[in-house]
Amino acid sequence: MDDSIVQGVIETVDTAINYRTQLSQLLDSLHEAKNQVVTSAGQARGKLRSHFDHLKQCINEALDDRLRILERQVSSVEQAAHKPLCECEDLLQERVGLASGVLKEGKELLESEDKVHGSKIGEMTAFKKKSKELDLNSLPEVPSIWETACIHVDLPRDEENIQKQLVDAIKDYGCVMARAPVQVVEISERPAALLVQWAEVDDPGLDLDGFRLQYCVGTVHGFGDHEEVEFVTAYEGPLTSHVVRHLQPSVHYSFRVAGRAAGAQSWSPWSIPVSATTTLPHHEWRSGIDGYQLSNENTTIQSDGRPTCILYSRRRSYTCGHSVMMKIVRLGCLSNSEGLGLAVADSNTSDPLQKGVLFVSFQGSVFVDGQEKTTKLPPVTENSVVIFDTEVLRHDKVRVTVEVCERIVTFDWTLDTVPSIPLSSEIPGEGQELNLFFLAKFSSGWSVAVE
């Protein structure tokens, strides 16, 4: 049998095996997606029922509370109006009783047969005097009907309109979304960090102007698991990307994001968590250099004398296209010959003003390949941050942006000898990424941390 035919069959079988494996993986992914739809729908129904039940309870309780308050107000007005009327009634009853007594006594005197007898005359005189003392011609004041309370309840006259407003508000209450309006779309590795990017999906017209990014340690599977996990807020603001720093290499982290519309108080539902890990160790300063002391896993340096050379990073860990931050932990004496920068290569020289070096002095002067730029930055201050950011224009040229105290300068820098490694992220026009050293040069009193 022809070996080529056998080889063709073997290759076809291998292709079929690989194809079946890929199809199986797609089926697993499809089953997971179907489960997500069904399970999320069930959870959404449960959440709706629970929320509306609670809402109805709150509304009923609020109506009952308001009813009790109004009924107490009615009772209060009733008691206040009823008391003086009862007092007036008691007075009138008392006066009626006195008048009846006088009437009875007078009749008895008049009906007596011996009206002219001396004793009767005396009784009549006493009776007349007594009647005058009772002041039978004076009537007590009684409140008129228009002065007396007539309790009313002032309810909305346009009850039908109020009811319609409530019904219309309820009709527009809540909405159902196929997925959260903002989702994590890409996560890229950085040294001991991850660059997380997100975007609005489905309905870009929501006009979201704020975002909240959270993360947790570990891989969160599925959309529902993250409700049970404690996340930490890493960023809140208007940007659609953020570098989450101080992460451990080879440790999995899960990220989720939510958005908020302009003027809104509440956040949107969380996106589906996306897990990622960085394999890149954190930036480090080179150890063992006289005049410099290292701490915090070699991320912070301070001078212990008058260093005679430049301190470089441990390796070419700065990748062009990204950013590196250096924080001024402690301030020393400002000098134009001391500062921070980037370099194509490391050397034993003590002069940072040389070919292949971008140097920013602590006083704000900017030097490229030893030549000073006319544009200046403000002097650094304690706790200020110097940020170097680059954009690759071609294999030997980058656009550099340096930021100090919210002041920014931008310029192009042509690199002579550029080390490169295989591309791990897309760079326009080239199949490689550019890597540089970061550096520092300063005397005693200074302390700088790299992030």
Side-chain angles (χ1 to χ4, degrees), residues 188-197 213 234-247 278 280-285 296 298-302 310-332 334 336 338-344 352 357-368 372-373 375-393 397-413 415 425 427 433-442 446-451:
S188 306
E189 286 188 276
R190 296 291 185 270
L194 288 166
L195 170 62
V196 184
Q197 297 173 275
L213 174 68
Y235 170 79
E236 189 173 312
L239 302 180
T240 56
S241 65
H242 179 71
V243 177
V244 182
R245 304 182 186 277
H246 309 297
L247 303 180
T278 178
L280 305 176
H282 59 75
H283 288 304
E284 292 183 57
W285 296 101
N296 297 330
N298 296 342
T299 61
T300 303
I301 54 170
Q302 64 180 18
I310 299 171
L311 178 63
Y312 291 91
S313 54
R314 179 183 174 187
R315 57 188 178 278
R316 289 189 178 94
S317 59
Y318 173 67
T319 301
C320 294
H322 302 165
S323 62
V324 62
M325 301 169 55
M326 302 186 199
K327 181 179 181 180
I328 309 301
V329 179
R330 190 172 66 246
L331 205 64
L334 295 176
N336 234 12
E338 298 178 337
L340 308 167
L342 302 174
V344 174
V357 174
L358 161 64
F359 185 73
V360 178
S361 76
F362 289 140
Q363 285 188 331
S365 299
V366 179
F367 299 87
V368 178
E372 185 174 2
K373 292 285 187 180
T375 306
K376 287 184 176 293
L377 290 163
V380 298
T381 59
E382 192 162 309
N383 293 321
S384 64
V385 176
V386 181
I387 303 175
F388 294 91
D389 198 356
T390 56
E391 176 190 355
V392 178
L393 302 179
K397 188 175 184 179
V398 295
R399 179 158 293 154
V400 182
T401 299
V402 185
E403 179 179 350
V404 178
C405 299
E406 298 184 353
R407 177 77 181 276
I408 295 175
V409 297
T410 301
F411 50 87
D412 293 346
W413 183 21
L415 311 174
S425 60
I427 294 179
E433 60 181 19
L434 312 181
N435 295 272
L436 304 174
F437 291 96
F438 54 86
L439 62 89
K441 171 69 186 300
F442 50 75
W446 290 91
S447 180
V448 176
V450 64
E451 296 184 358

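These values consider heavy atoms only, across backbone and side chains, with no hydrogens, waters or symmetry-generated copies.
How far OH of Tyr235 is from OG of Ser241: 8.0 Å, rounded to the nearest 0.5 Å. With rounding to the nearest 0.5 angstrom, the CG atom of Leu377 is 9.5 Å from the CD atom of Glu403. In this structure, OG on Ser188 lies 5.5 Å from CD on Gln197, to the nearest 0.5 angstrom. The CG atom of Leu436 sits 9.0 Å away from atom CG of Leu358, with the distance rounded to the nearest 0.5 Å. Between the SG atom of Cys320 and the CH2 atom of Trp413 there is a distance of 7.5 Å, given to the nearest 0.5 Å. In this structure, CG on Leu439 lies 8.5 Å from CG on Leu311, to the nearest 0.5 angstrom.
One N or O on the side chain of Ser313 and one on the backbone of Phe438 form a donor-acceptor pair closer than 3.5 Å.
Of all heavy-atom pairs between Thr381 and Ile328, the closest is O-CB, 3.6 Å. Between Val329 and Asn383, the shortest heavy-atom contact is O-OD1, 4.3 Å. Across every non-hydrogen atom of Asn435 and Arg316, the tightest pair is O-CD, 3.5 Å. Between Ala440 and Ile301, the closest heavy-atom pair is CB-CD1, 3.8 Å. Nearest heavy-atom pair across His322 and Glu189 is CE1-O, 4.1 Å. Here the shortest heavy-atom pairing between Cys405 and Ser384 reads SG-CB, 3.9 Å.
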(request) With side-chain contact (heavy atoms from CB on, under 4.5 Å) as the test, would you mind laying out the steps for Val385 and Met325 before giving the verdict? (result) CA-CA 7 Å; Val385 176; Met325 301 169 55; 3.7 Å; yes

(request) Walk me through it: do Phe437 and Leu342 pass the test side-chain contact (heavy atoms from CB on, under 4.5 Å)? (result) CA-CA 6 Å; Phe437 291 96; Leu342 302 174; over 6 Å; no

(request) Please step through side-chain contact (heavy atoms from CB on, under 4.5 Å) for the pair Ser447 and Thr300, ending with a clear verdict. (result) CA-CA 7 Å; Ser447 180; Thr300 303; 3.6 Å; yes

(request) Please report the C-alpha distance between Thr401 and Ile408 in whole Å, then the side-chain angles of each, then the deciding distance to 0.1 Å, and finally whether the side-chain contact (heavy atoms from CB on, under 4.5 Å) criterion is met. (result) CA-CA 7 Å; Thr401 299; Ile408 295 175; 3.3 Å; yes

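Just one residue in the list His283, Glu284, His282 forms a side chain to side chain donor-acceptor pair (under 3.5 Å) with Asn298, and that residue is Glu284.
Val404 places a side-chain heavy atom less than 4.5 Å from the side chain of Val380. With a 4.5 Å cut-off on side-chain heavy atoms, Val366 and Phe411 count as touching. Counting heavy atoms from C-beta outward, Val400 and Asp389 have side chains that stay 4.5 Å or more apart. For the pair Val402 and Ile387, the minimum side-chain heavy-atom distance is 4.5 Å or more. The shortest distance between side-chain heavy atoms of Leu213 and Val196 falls below 4.5 Å. Between Glu391 and Val398 the shortest side-chain heavy-atom distance does not fall below 4.5 Å. Side chains of Phe367 and Val357 form no contact here, defined as non-hydrogen atoms less than 4.5 Å apart. At a threshold of 4.5 Å between non-hydrogen side-chain atoms, the residues Phe388 and Val360 count as touching.
One side chain, Thr390 or Tyr318, offers a donor N or O that lies under 3.5 Å from an acceptor on the other.
The environment of Lys327 atom NZ is sparse: at most 12 non-hydrogen atoms of other residues, nucleotides or ligands sit within 6.0 angstrom. More than 12 heavy atoms of other residues, nucleotides or ligands shown are found within 6.0 angstrom of CZ on Arg245.
In this structure, Trp446 has its ring center under 6.0 Å from that of Phe362.
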